[in-house]
Amino acid sequence: MDSISFLLDGFANALQPVYLLYALGGVFVGTAVGVLPGIGPAMTVALLMPITYALDPAAALIVFAGIYYGGMYGGSTTSILLNTPGESASIVTALEGNKMAKAGRGAAALATAAIGSFIAGTIATVLLSFLAPVVAEFAVGLGPVDYVALMVVAFLTVGALLGASVLRGLASLALGLFIGLIGIDDSTAQQRFTFDNPNLVDGIDMVLVAVGLFALGEALYVASKLRHGPVEVIPVSKGKNAWLSKEDWKRSWKPWLRGTFIGFPIGTVPAGGADVSTFLSYAAERRLAKGENRRQFGKGAIEGVAGPEAANNAAAAGVLVPLLTLGIPTTATAAMMLTAFQRYQIQPGPLLFENQGALVWTLIASLYVGNLMLLVLNLPLVGLWVKILQIPRPFLYAGILVFAALGAFSVNFSPIDVGVLLVVGILGYFMRRYGYPVAPMVVAMILGPMFEVQLRRSLQLSQNDPTALFSTPFAVVVYATMALIFLGSWWLRRRQAALEAVTEKESVSV
């Protein structure tokens, strides 16, 4: 009952006109940017973070949450109409959604994606509302050894499970740890990794790294892969056949629910997030389909859009559970939101619900509001998103580079920061070019200093006995769970690879 009363208080704050405007702006910008291929919610949050410094914490976090949800939905528009997923979580939507669009059913595909996103996002937010306080209450009793175990799991799972190569993921993780430890050692007050450069004494600002990797590096990489010439977008049909038919509703509602309950639990653990959940949902719908519906897979089955899109948005809410209750981000966008919290001197974790209760419940209530706004916005504004897809690419990426440079300069109003941005951006480009995931680097940079503090505290309490790191029942359970996560993710990756091979063969034959 406490959760319900706190949530009602959160709605009282979130429904203030000024916060409603911030939520509307967040979901609108998130959807608009999510529509553009190669530009995901992580890049958008990184770009807008310096601009939101003038806002109060609640307003800034409401904007970022709206961008997160809007960006997760916006990728479906690109996948369906352009056959170019805006991010990896939208790859599965392109398999069936683009086939539906080519058959003149693009509007139906976009509609089932929008409604599925709304239903899944709402149910997942309800689960978040009741699960997060329970996890936070339990986590209050955790000690330094337990936090070391949690962060080890976060490092290894994010480093090993994000990206195609485990070694490249761990290399990215190590680079992030190195960058995160640059500056002054908190324990000895000595400089480390500064190379006697006074500009590095205070460390490298997380905002510069985020903007450099997700905005500058991503823009350079995507621009280098784009072909010249106009973008061909499949037009959205209009008329009585454009909307969902009674048969479409009948075939979609079960995939919406199944996708929700597949995506949310996978989103709560660092085991692949939305990417894995969308492929798993697609595999489930393909297996459960019967008769003529089963034969439509590979040719434009509506279940192949409804289920994965629901799983995608449910996983987005699931990611917020470890972020808010433990302070551990499991995706790149969650890492950006953690950085936003820290810019306001707010540390997510077990005490967040106690120390910043009004802020957290306002944020959760805004997720409900933002979900409804997404549905109201996306159904009638499909034509606007199609026009955004036709923006000339040179103008688009030139604008991103300008905003990235302005954002970096505004952090400390120092031209040195723009130089750091350029170096990190070039590094991000080559990481993408050679298959090194950037998310482990960002997560390691954020958690690295916190991990060091907890590790030193654990060793000091145990008089430098390393076996103390395995001395609590919770730590043992966490390490055992990590082993299960690796086994489960290995199985999921095999399923995903097998499914990709099958769909590739079918697309070639068609």
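Keep in mind that what you see is a predicted model, and the values were worked out from it rather than measured.
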Compare every heavy atom of Leu173 with every heavy atom of Ala444, then report the nearest pair and how far apart it is. CB-O, 3.3 Å
Nearest 0.5 Å, what's the CE-CG distance between Met441 and Leu213? 4.5 Å
Check step by step if side chain to side chain contact (heavy atoms under 4.5 Å, CB included) holds for Val360 and Phe6. CA-CA 10 Å; Val360 176; Phe6 289 145; over 6 Å; no
ring-ring contact (aromatic ring centres under 6.0 Å, His included) involving Phe353 - partner list, sequence neighbours excluded: Trp361
Taking atom types as modelled and ignoring hydrogens, do the side chains of Tyr282 and Glu303 form a donor-acceptor contact shorter than 3.5 angstrom? no
May I ask you to test the Leu323-Ile328 pair for a side-chain heavy-atom distance under 4.5 Å? no
For Phe261, check ring-ring contact (aromatic ring centres under 6.0 Å, His included) against everything at least two apart and list the hits. none
State, to 0.1 Å, how close Leu374 and Gly70 come at their nearest heavy-atom pair, and which atoms those are. CD2-CA, 3.7 Å
Just by modelled atom types, is the Val305 backbone N or O under 3.5 Å from a matching donor or acceptor in the Glu96 side chain? no
Side-chain contact, heavy-atom cut-off 4.5 Å: Met337 with Pro329? no
Which residues share a side chain to side chain donor-acceptor pair (under 3.5 Å) with Thr339, sequence neighbours left out: none
Who passes ring-ring contact (aromatic ring centres under 6.0 Å, His included) against Tyr436, sequence neighbours left out? none
Using the test side chain to side chain donor-acceptor pair (under 3.5 Å), find all partners of Thr362 that sit at least two apart in sequence or belong to another chain. Asn13
Taking every non-hydrogen atom, the tightest pair across Glu285 and Pro255: OE1-CG, 3.3 Å
Applying side chain to side chain contact (heavy atoms under 4.5 Å, CB included) to Thr93 and Ile80, what does each step give before you reach the verdict? CA-CA 7 Å; Thr93 305; Ile80 292 169; 4.0 Å; yes
For a 4.5 angstrom cut-off between non-hydrogen side-chain atoms, does Val63 reach Val29? no
According to side chain to side chain donor-acceptor pair (under 3.5 Å), who are the partners of Ser366, at least two apart in sequence or on a separate chain? none
Return all side-chain donor-acceptor pairs below 3.5 angstrom for residues 14-28, not counting sequence neighbours, or 'none' if the list is empty.
| residue | atom | partner | partner atom | Å |
| --- | --- | --- | --- | --- |
| Tyr19 | OH | Asp56 | OD1 | 3.2 |

Is the closest side-chain heavy-atom distance between Val477 and Thr481 below 4.5 Å? yes
If you look only at distance, which donor and acceptor atoms sit under 3.5 Å apart when one is on a side chain in residues 120-128 and the other is two or more places apart or in another chain?
| residue | atom | partner | partner atom | Å |
| --- | --- | --- | --- | --- |
| Thr122 | OG1 | Phe118 | O | 2.8 |
| Thr125 | OG1 | Tyr69 | OH | 3.2 |
| Thr125 | OG1 | Gly121 | O | 2.5 |

On a heavy-atom basis, the closest approach of Ala58 and Leu359 is CA-CD1, 3.4 Å
Please enumerate all residues that pass side-chain contact (heavy atoms from CB on, under 4.5 Å) together with Gln342, with sequence neighbours excluded. Leu338, Gln347, Ile446, Met450
Quick check: does any side chain N or O of Thr112 sit under 3.5 Å from a backbone N or O of Ala109, one acting as donor and the other as acceptor? no
Can you list everything that forms a ring-ring contact (aromatic ring centres under 6.0 Å, His included) with Phe130? Sequence neighbours excluded, please. none
Can you tell me how far apart CE (Met151) and CG (Leu326) are? Round to the nearest 0.5 Å. 9.5 Å
If I take atom CD1 from residue Ile62 and atom CG from residue Leu55, how far apart are they, to the nearest 0.5 angstrom? 10.0 Å
So do the side chains of Ile119 and Trp253 get within less than 4.5 Å of each other, counting heavy atoms only? no
Aromatic ring centroids of Tyr147 and Phe451 under 6.0 Å? no
Working for side chain to side chain contact (heavy atoms under 4.5 Å, CB included), residues Tyr479 and Val152: CA-CA 9 Å; Tyr479 290 126; Val152 168; 4.0 Å; yes
Quick check: does any side chain N or O of Asp248 sit under 3.5 Å from a backbone N or O of Ser245, one acting as donor and the other as acceptor? yes
Keeping the roles fixed (side chain from Ser252, backbone from Ala306), state whether a donor-acceptor pair exists under 3.5 Å. no
Could you walk me through whether Tyr368 and Leu372 pass the side chain to side chain contact (heavy atoms under 4.5 Å, CB included) test, one step at a time? CA-CA 7 Å; Tyr368 290 94; Leu372 181 60; over 6 Å; no
Taking atom types as modelled and ignoring hydrogens, do the side chains of Thr278 and Asn312 form a donor-acceptor contact shorter than 3.5 angstrom? no
For the residue pair Trp256 and Ala310, what are the closest heavy atoms and their distance? O-CB, 3.3 Å
Nearest 0.5 Å please: distance from the OG1 atom of Thr325 over to the CD atom of Glu137. 12.5 Å
Just jot down the side-chain contact (heavy atoms from CB on, under 4.5 Å) partners of Ser117, sequence neighbours excluded, or say none. Tyr73, Glu309, Asn313
Heavy-atom closest contact (Pro57 atom, Ile346 atom, distance): CB-CD1, 4.1 Å
Among residues at least two apart in sequence or on other chains, which ones pass side chain to side chain donor-acceptor pair (under 3.5 Å) with Gln356? none
